[in-house]
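Every heavy atom of this structure was used, including side-chain atoms; hydrogens, water molecules and symmetry mates were not.
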Amino acid sequence: MLDQKLIRENPTSVGESLSLRGKVFNISHIHELTVKKKDIDIEITSLQSKSKKLSKLIGQEISKSKNNDSPELISLKKKGNEYRIKISELEEKQRILDKEVDDEIYNLPNFPSKDAPIGKDESDNLQIKTWGDPLIKENIKSHWEIGESLNIFDSVKSTKISKSRFITLTGNGARLERALINFMLDIHTKNGYLELMPPALVNSESLTGSGQLPKFSNESFKCSNDDLWLSPTAEVPLTAFHRNELIDSKQLPIKYVAYSPCFRREAGSYGRDTKGLIRLHQFNKVELYWFCHPSKSLEAHKKITSDAESILKKLNLPYRLVDICTGDLGFSSSRTFDLEVWLPSSKCYREISSCSNCLDFQARRSSIRSKIDKKNTYIHTLNGSGLAIGRTMAAILENGQQKDGSVKIPDALVPYFGSNFLKTA
RNA sequence: GGAGAGGUGGCUGAGUGGUCGAAAGCGAACGACUCGAAAUCGUUUAAUAGGUAACUAUUCGUGGGUUCGAAUCCCACCCUCUCCGCCA
């Protein structure tokens, strides 16, 4: 969430900064509302001040005279009553204004960082570097073909259980998924992250705090009988873990790693990536999350990205690092580095991790502060996948495929998986 | 699901209509003592909004209401805990 004061005092620059996202943000209406709100606030404050003084006076008079019915007192009370009526009228107006401002401000995205490449969409993202040699060969099989022949997952039967875009991992597939989760958690915890296993169902306040609501209500599954949603990413519960807290600044940075299942409606993606493990309604993910001192978040952003990268390196999967352009940035992010893994069957890199610096955007929405230089200050939050498990499995299957139909398991993963090759069971 | 208890500052916890933004303790900050530290003693210490500041206002789970005046009374809702029931 953006700072209301900034909108009120500097509407032009707020509008300009937001418009770097590639579309026009007209904030003149919300600006007008915040100004009106301020005027009413001043009026209410002065009336309250008078009314408060009057009440004190009445209290003193009563205790002095012991007479509640003197004409002087009655006239004072009448005066107080008039204040009360005026104040409650103004408060009603203020309530309406507050709601109108909230409706707009919660729908405004974060400012893009000045360092992010300026661009309109995906095509303007900037490749920073590549790592490893992308496998380019004839007769490459897709991961779903490999999966089918090795019998490690079943999407057809899964539609019986749920619907399309759900998958059941079987045998070695399930084992590989489990191995990947443990492998990633072990590396990150050794690297100074505290492991959390949060609830998979989250309330509306949590989703609002991290930026998924109110704008993207269409993208999460909702439990209609309760104020609960299936969490689309562990970023949501991890942000909410410290909601409404004043964190001792000596504890910063706080670094969490969490495995969680993630649920997304994938509305509007009909027909895209319908096969395999790339785009599912439910997938597993290991998420990295930092709460950090506002002056340290640029540094932290590099670190969280390289922590995610280290998994790809250990698994020996070719990837590239992409600097997301202003037009392609997520709602809460000011700067995002994507890690994209090479998928030889589609001859392209696919997103496997997204590492974002949200600055104080989520902290303001969630009220997470620290006393810094004697002042309570919103801290900065960062998140990054470390990594998406299903897509990692897809990459291992495709990059490790052998002539005989088996798949080579990356050396680092062998102790977790228990075998050097994945073969038909 | 049924019955009961409760939600107060960074934390614990007192406060049932009038100088209560709130006792006390813990924690924290600063100072004294010390070569240094611990212990001890002293001082300070809630947040938010507006204002350069003095200051003003709001906030005792949330939202309404009664009243000149509400942490305190009334109504609704949310949440937590205990017991019973059900249950992985």
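Regarding A/E205, its CD atom lies at a distance of 12 Å from the P atom of B/G63, rounded to whole Å. In this structure, the CG atom of A/D227 is 14 Å from the C1' atom of B/U62, given to the nearest Å. At whole-Å resolution of the value, CD in A/Q251 and C1' in B/C11 are 13 Å apart. We find that CD1 of A/I58 is positioned 7 Å from C1' of B/G69, with the value rounded to whole Å. Following rounding to the nearest Å, A/I74 (CD1) and B/C68 (C1') show an atom-to-atom distance of 12 Å. Between A/K78 atom NZ and B/G69 atom P the separation is 15 Å, expressed in whole Å. For the pair A/E245 CD and B/C11 C1', the interatomic distance rounds to 12 Å; values are reported in whole Å. Between the C1' atom of B/U66 and the CG atom of A/N81 lies a distance of 11 Å, rounded to the nearest Å.
Contact check of residues 43-54 of chain A against RNA chain B (heavy atom, cut-off under 4.0 Å) returns A/T45, A/Q48, A/S49, A/K52. Taking every heavy atom of residues 83-105 of chain A and every atom of RNA chain B, pairs under 4.0 Å involve A/R84, A/R95, by number.
Only the C1' atoms considered, B/G17 is 15 Å distant from B/C60, to the nearest whole Å. A gap of 13 Å separates the P atoms of B/U59 and B/G65, to the nearest Å.
Side-chain contact check for A/K285 and A/T233: at least one donor-acceptor pair (N or O, by modelled atom type) lies under 3.5 Å. Side-chain polar atoms of A/S297 and A/N357 form a donor-acceptor pair below 3.5 angstrom. For the residue pair A/S206/A/R243, the side-chain donor-acceptor check at 3.5 Å is satisfied. A donor-acceptor pair shorter than 3.5 Å cannot be found between the side chains of A/E287 and A/Y256.
Close placement of the A/H242 and A/F291 rings is indicated, their centers lying within 6.0 Å of each other.
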N/O donor to acceptor pairs below 3.5 angstrom from side-chain atoms of residues 385-394 of chain A, sequence neighbours left out:
residue, atom, partner, partner atom, Å
A/S385, OG, A/S354, N, 3.3
A/R391, NE, A/I278, O, 3.0
A/R391, NH1, A/E351, O, 2.8
A/R391, NH2, A/I278, O, 2.9
A/T392, OG1, A/A388, O, 2.5

Which side-chain N or O atoms in residues 22-29 of chain A pair as donor and acceptor under 3.5 Å with protein atoms at least two apart or in another chain?
residue, atom, partner, partner atom, Å
A/N26, OD1, A/S28, N, 3.1
A/N26, OD1, A/S28, OG, 2.9
A/H29, ND1, A/E104, OE2, 2.4

Using atom names, set out every protein N or O paired with an N or O of nucleotides 46-50 of chain B below 3.5 Å, distance rounded to 0.1 Å.
residue, atom, partner, partner atom, Å
B/A47, OP1, A/K371, NZ, 2.8
B/A47, O3', A/R369, NH1, 3.0
B/A47, O3', A/N376, ND2, 3.3
B/U48, OP1, A/R369, NH1, 3.0
B/G50, O3', A/K38, NZ, 3.4

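One finds no salt bridge joining A/K141 and A/E398 here, because no Lys/Arg side-chain nitrogen approaches an Asp/Glu carboxylate oxygen to under 4.0 Å.
Taking a pair as Watson-Crick or G-U with both hydrogen-bonding distances under 3.5 Å, the stems of three or more pairs touching RNA chain B are B:1-7 with B:78-84, B:10-12 with B:24-26, B:27-32 with B:40-45, B:46-50 with B:55-59, B:61-65 with B:73-77.
Here A/K255 pairs with nothing under the salt bridge (Lys or Arg N to Asp or Glu O under 4.0 Å) rule; sequence neighbours left out. Listed by chain and number, the residues in a ring-ring contact (aromatic ring centres under 6.0 Å, His included) with A/F183 are A/Y416 (sequence neighbours excluded). With sequence neighbours excluded, the residues satisfying side chain to side chain contact (heavy atoms under 4.5 Å, CB included) with A/R265 are A/N218, A/F221. A search for salt bridge (Lys or Arg N to Asp or Glu O under 4.0 Å) contacts involving A/D98 returns A/K37, not counting sequence neighbours.
A/R175 places a side-chain N or O within 3.5 Å of a backbone atom of A/F417 that can act as its donor or acceptor partner.
Among the atoms of the strands shown, only primed sugar atoms or phosphate atoms (P, OP1, OP2) are found under 4.0 Å from some heavy atom of A/K250. Base contact: A/Q60 has a heavy atom under 4.0 Å from a base atom. Using a 4.0 Å heavy-atom cutoff across all strands shown, A/G59 reaches at least one base atom of the nucleic acid.
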Practice prompt. Encode nucleotides 75-81 of chain B as B, S and - characters from 5' to 3', where the letter depends on protein heavy atoms closer than 4.0 Å: B to the base, S only to sugar-phosphate, - to neither.
Written response: -------
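Applying the salt bridge (charged side-chain N to carboxylate O under 4.0 Å, His left out) test to residues at least two apart or on different chains, none of the pairs has a partner in residues 217-240 of chain A.
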